[in-house]
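Structure, as structure tokens:
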Protein chains: 2
Amino acid sequence: MELPLDQILLGDCIDLMRMLPAGSVDCIFADPPYNLQLRGELRRPDDSLVDGVDDDWDKFGDYAEYDRFTRDWLTEARRLMRKDATIWVIGSYHNIFRIGAILQDLGFWILNDVVWRKSNPMPNFRGRRFTNAHETMIWAARSPQSRYRFNYAAMKALNDDVQMRSDWLLPLCTGNERLRNQHGLKLHPTQKPESLLHRVLLASTGVDDVVLDPFTGTGTTAAMSKRLRRRFIGIERHPDYAEAAIGRFQRERPLPMDSVMPSPAKRDAPRVPFGSLVERGLIPVGTRVTDKQGRVSAIVSPDGTLVSGSRRGSIHKLGAELTNAPSCNGWTFWHFERDGALVTLDVVRVESAAAQDAAE
Amino acid sequence: MELPLDQILLGDCIDLMRMLPAGSVDCIFADPPYNLQLRGELRRPDDSLVDGVDDDWDKFGDYAEYDRFTRDWLTEARRLMRKDATIWVIGSYHNIFRIGAILQDLGFWILNDVVWRKSNPMPNFRGRRFTNAHETMIWAARSPQSRYRFNYAAMKALNDDVQMRSDWLLPLCTGNERLRNQHGLKLHPTQKPESLLHRVLLASTGVDDVVLDPFTGTGTTAAMSKRLRRRFIGIERHPDYAEAAIGRFQRERPLPMDSVMPSPAKRDAPRVPFGSLVERGLIPVGTRVTDKQGRVSAIVSPDGTLVSGSRRGSIHKLGAELTNAPSCNGWTFWHFERDGALVTLDVVRVESAAAQDAAE
DNA sequence: GTGGTGACTGAATCTTAAT
DNA sequence: GATTAAGATTCAGTCACCA
């Protein structure tokens, strides 16, 4: 079977993976059934019913059956991976420990466990546990010898020039992004947010890499692969999900090539201290900066700190302090008026970097 | 063997646990060895050397040894747990997946996986992975039937009155808290911060509960147990660590009793029958009660039931019936007019409880 | 357009005491 | 042990609707 690039295949992932040639994919993202074991209905304090995951595809007899299923699909997945390929598997405490142990048993080499912290998780309605506010992704190479791809600079740039950590704060997939049927009901109970796949693919794949998703669902991996100009192979067993994923994949448009290429200028650009922009007069001392809504404001000091009343700190620190946030990207948080429009500090940073490049 | 309360035993934890009586502890915190001794060579969690040969069977054999060790100590731990006891196990991606799977296989019931997000993790020096900025704790009950302890109100209070989430941001153990030898070197490679154990014990134990730590190390669990007035049993194999833990335990002072008592939780308050409020005239017979919007109404009877047309029942039952809900908390559902304002029955209940307290 | 209100929702292993 | 009734319990966000 030739490699079915940029297609979504309808059928069982183990059967279909068996038909694909060994060593043919660069990266796998897999969102297998979690084997949730829900024992009854759950109601919110206002008595409304929680729409839990009760689909047949998430039902397994016991742990042994789930383990067998996991070993089978991971074995095929590993066969399809090039020797330097990596795999991502997402899960919750119901299944992720079994998956992690089986990954290790099969010879995969775990690189990180990455925690997706949900900014808006469903609360715990009965007050009997901690709010289950995260899911876990395991990122593993095919073997300890794999010389895998990790776009370190891109991740660092995405994280305001500090190393990307193993815990990612991202919202659930809601609102317009969530695919719905003609009745306005969610098409898939567990659609993943695009932001999550965006970061996964940006971190571990390159342009034209072959990405496989054996549990495509409604195609978030498919859409993000196309947007970021990766090649995609999807497998989905459920005809309704597959149909939705195919339509979504067709509608998706790739970003311009230059925006998805790792930018050497950006990667090698030295970190620009805010103070240096002040020094160079690109942002005058005394400038009044505010957040986007103008709820908080501060004044630029000569040393590159901001002052707001009796508080003083870096653009990041003061932004966090004034909004009671644990952290803040001051570059994008603070705005100031220029030519009658509000622009972020980051705009000036980018302009200054471009000017430096031109000078070299 | 009598229960060695408030002691730290020197020896192998499996051997020593075998000598303790079954069903004798309320909570276990375990920080088992990962055996990650990186001396310029790669070692697996069980300390075996990665030999550079991609031999699946060999790797499985190594993991098997770690699994056997894990199964052995967890089996003994489970025997020591009361039927409603819970266990915490902390680990990293090297070992936590194996531990989680074995916990499930042994019949434990996972309640949460809790992520300890390190506010000051060690950076990734080689830039080949995400900064490993967290560790994972599994919190599990002895069985699915366990009626385990979770101090919901205390956790909510600790978190600015919103539910405590499954991701905790806490700094590493550094500075003065870190135990050091006479050369100023850290005594133990993975000493856990007191804040972590403080939260663990506050969440899942009560005053005078028996806490066991089979891998005591330098005794963070011991110290926090004593500080919070829990009873402690520790086991440590390494004489230097045990000695340090014993000294630390002896130096630790318990907090005042009133400060370690749990935050008052509504579900622990004594139950007041609605009828007794009627008897005491706090809510007069004949009072007209309604829901918040005034859509349904009823009249208070002398026996503490409500009457609405031909229907009659308890405040809960009638509330449920009139709204076609499966259940209803009558205390917060029903309102009545007092001094020109609508107040809930619950307000009266709380007032009467406060009056009783004052009278005592 | 803007702002305020209220309804709705999300991978969830979600109670306990008394009879 | 099974059954029944009491009663404790939610956060961040989106969107529709209306003033």
Side-chain angles (χ1 to χ4, degrees), chain A residues 31-55 57-60 63 90-96 116 118-136 169 171-178 180 184-186 188-193 215 217, chain B residues 84 104 108-113 140-141 143-148 150 152-153 156 159-166 265-275 293 304 313-320 325-334 345-346 349:
Chain A
D31 181 11
Y34 284 10
N35 191 24
L36 255 44
Q37 295 157 55
L38 308 179
R39 289 191 283 195
E41 64 173 32
L42 176 64
R43 287 176 180 273
R44 299 186 179 80
D46 65 4
D47 262 330
S48 61
L49 195 60
V50 173
D51 183 15
V53 178
D54 56 358
D55 306 71
W57 49 254
D58 198 43
K59 301 254 195 295
F60 294 84
Y63 289 130
I90 185 168
S92 65
Y93 66 83
H94 310 85
N95 68 329
I96 198 67
W116 169 27
K118 303 176 183 181
S119 56
N120 50 350
M122 181 154 63
N124 184 292
F125 295 118
R126 312 308 295 264
R128 296 298 292 132
R129 302 180 176 199
F130 299 99
T131 303
N132 193 2
H134 75 277
E135 293 185 26
T136 301
L169 181 66
L172 295 171
C173 178
T174 60
N176 270 337
E177 192 186 317
R178 192 92 194 207
R180 294 172 199 283
L185 300 174
K186 60 188 175 192
H188 192 283
T190 70
Q191 185 181 337
K192 294 293 173 288
F215 306 96
Chain B
D84 294 336
Q104 291 177 316
F108 289 93
W109 191 243
I110 297 181
L111 300 169
N112 280 111
D113 57 335
S143 86
Q145 288 75 42
S146 296
R147 294 166 63 163
Y148 57 91
F150 176 55
Y152 175 76
K156 192 172 176 179
N159 195 39
D160 281 340
D161 278 332
V162 297
Q163 293 187 337
M164 186 68 80
R165 297 168 40 116
S166 55
K266 205 163 182 182
R267 55 163 55 91
D268 300 329
R271 292 189 173 197
V272 180
F274 177 65
Q293 288 83 22
S314 73
I315 56 174
H316 313 294
K317 204 164 168 181
L318 195 70
S327 70
C328 170
N329 182 344
W331 291 108
T332 52
F333 176 78
W334 294 108
L345 300 184
D346 201 42
R349 173 168 65 159

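Convention: sequence-line order gives letters A, B, ...; per-chain numbering from 1. Bear in mind the structure is a predicted one, so any value in this text is a computation, not a measurement.
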Can you tell me if the side-chain N/O atoms of A/R178 get under 4.0 Å from OP1 or OP2 in D/dG13? no
Decide side-chain contact (heavy atoms from CB on, under 4.5 Å) for A/T190 and A/C173; before the verdict, give the C-alpha distance in whole Å, the side-chain angles of both, and the deciding distance to 0.1 Å. CA-CA 9 Å; A/T190 70; A/C173 178; over 6 Å; no
Spatial distance of atom CD (B/Q104) from atom CH2 (B/W109) [nearest 0.5 Å]: 8.5 Å
Looking at B/R165 and A/F130, would you say the former's side chain and the latter's main chain have a donor-acceptor pair under 3.5 Å? no
Can you tell me how far C1' in C/dT13 sits from the matching atom in D/dT4, rounded to whole Å? 25 Å
Within 45 degrees of the axis of the six-membered ring of B/F274 and under 6.0 Å from its centre: does B/R349 put its NZ or CZ there? no
So what does A/D31 hit on the nucleic acid, given a heavy-atom distance under 4.0 Å: a base, only sugar-phosphate, or nothing? base
If I take atom CG from residue B/N112 and atom OH from residue A/Y93, how far apart are they, to the nearest 0.5 angstrom? 6.0 Å
By salt bridge (charged side-chain N to carboxylate O under 4.0 Å, His left out), which residues pair with B/K156, not counting sequence neighbours? none
From CG (B/L111) to CZ (B/F150), nearest 0.5 Å: 9.5 Å
So, taking the atom named CD1 in A/I90 and the one named CZ in A/F215, what distance separates them when rounded to the nearest 0.5 Å? 13.0 Å
Expressed as a whole number of angstroms, how long is the span from A/L49:CG to D/dT10:C1'? 15 Å
Under 4.0 Å, heavy atoms only, any strand: does B/R165 hit a base, just the sugar-phosphate, or nothing? nothing
Considering every strand and a 4.0 Å limit on heavy-atom distances, what is the contact class for A/R129: base, sugar-phosphate, or nothing? base
Heavy-atom nearest nucleotide on DNA chain D taken for B/Y152 and for B/P326; more 5' hit belongs to B/P326
Nearest-Å distance, CG (A/L42) to C1' (D/dA8)? 13 Å
Set out, line by line, the N/O atom pairs under 3.5 Å between protein and nucleotides 2-6 of chain D.
residue	atom	partner	partner atom	Å
D/dA6	OP2	B/S314	OG	3.3

Determine the Euclidean distance between corresponding P atoms of D/dA12 and C/dC14; express it in Å to zero decimal places. 23 Å
Outermost nucleotides of DNA chain C that come under 4.0 Å of a non-hydrogen atom of chain A: C/dT9 to C/dT16
Categorize A/G40 for me: base, sugar-phosphate, or nothing, with a 4.0 angstrom heavy-atom threshold over every strand shown. base
Using only heavy-atom distances, determine whether the side chains of B/S314 and B/H316 contain a donor-acceptor pair under 3.5 Å. no
For D/dT4, decide between syn and anti, treating a glycosidic angle within 90° of 0 as syn. anti
Using the six-membered ring wherever Trp is involved, compare the ring planes of A/W57 and A/H188 and label them parallel, tilted or perpendicular (cut-offs 30° and 60°). parallel
Assign A/S119 to base, sugar-phosphate, or nothing according to its heavy-atom contacts below 4.0 angstrom with the strands shown. sugar-phosphate
How long is the gap from CG on A/D31 to CD on A/E135, to the nearest 0.5 Å? 7.5 Å
In whole Å, what is the span from the CG atom of B/D268 to the C1' atom of D/dT9? 14 Å
Would you classify B/K156 as touching base, sugar-phosphate or nothing, given that sugar-phosphate means primed atoms plus P, OP1 and OP2, and contacts are heavy atoms under 4.0 Å? sugar-phosphate
For a quick check of understanding: with a heavy-atom distance under 4.0 Å over all strands, which category does A/T190 fall into, base, sugar-phosphate or nothing? base
Please measure how far the C1' atom in C/dA7 lies from the corresponding atom in D/dT10, and state the result in whole Å. 15 Å
Please work out if A/N176 contacts a base, only the sugar-phosphate, or nothing of the nucleic acid, heavy-atom cut-off 4.0 Å. sugar-phosphate
Mind checking if A/P32 touches a base, just sugar-phosphate, or nothing, with heavy atoms under 4.0 Å? base
Under 4.0 angstrom, heavy atoms only, what part of the nucleic acid is A/W57 near: base, sugar-phosphate, or nothing? base
Flag the pair A/L42 / A/R126 as yes when at least one side-chain heavy-atom distance between them is below 4.5 Å, and no otherwise. yes
Nearest-0.5 Å distance that lies between atom CZ in A/F125 and atom CD in B/Q163: 8.0 Å
Could you tell me the separation between the CZ atom of B/F150 and the P atom of D/dT9, rounded to a whole number of Å? 12 Å
Mapping B/C328 and B/V162 onto DNA chain D by nearest heavy atom, which one lands closer to the 5' end? B/C328
Of A/E41 and A/D46, whose nearest nucleotide on DNA chain C comes first from the 5' end? A/D46
A/R44 CZ - D/dG7 P separation (whole Å): 25 Å
Counting only heavy atoms not in B/K317 (residues, nucleotides, ligands), do more than 12 fall under 6.0 Å from its NZ? no
Please report the C-alpha distance between B/I315 and B/F333 in whole Å, then the side-chain angles of each, then the deciding distance to 0.1 Å, and finally whether the side-chain contact (heavy atoms from CB on, under 4.5 Å) criterion is met. CA-CA 9 Å; B/I315 56 174; B/F333 176 78; over 6 Å; no
Sequence neighbours excluded, the answer for salt bridge (charged side-chain N to carboxylate O under 4.0 Å, His left out) partners of A/E41 is A/R43
C1' atoms of C/dG1 and D/dC17, separation to the nearest Å: 15 Å
Tell me whether the OP1 or OP2 atom of D/dC11 has a side-chain N or O from A/N120 closer than 4.0 Å. no
Assign B/L111 to base, sugar-phosphate, or nothing according to its heavy-atom contacts below 4.0 angstrom with the strands shown. nothing
So what does B/N329 touch, heavy atoms closer than 4.0 Å: a base, only the sugar-phosphate, or nothing? base
Any chance you could encode DNA chain C as dot-bracket? Rule is Watson-Crick or G-U wobble with both distances under 3.5 Å; [ ] for pairs crossing earlier ones, | for another strand. .|||||||||....|||||
When the P atoms of C/dA18 and D/dA8 are considered, how many whole Å apart are they? 13 Å
Sorted by number, the residues of residues 121-128 of chain A with heavy-atom contact under 4.0 Å to DNA chain D: A/P121, A/P123, A/N124, A/F125, A/R126
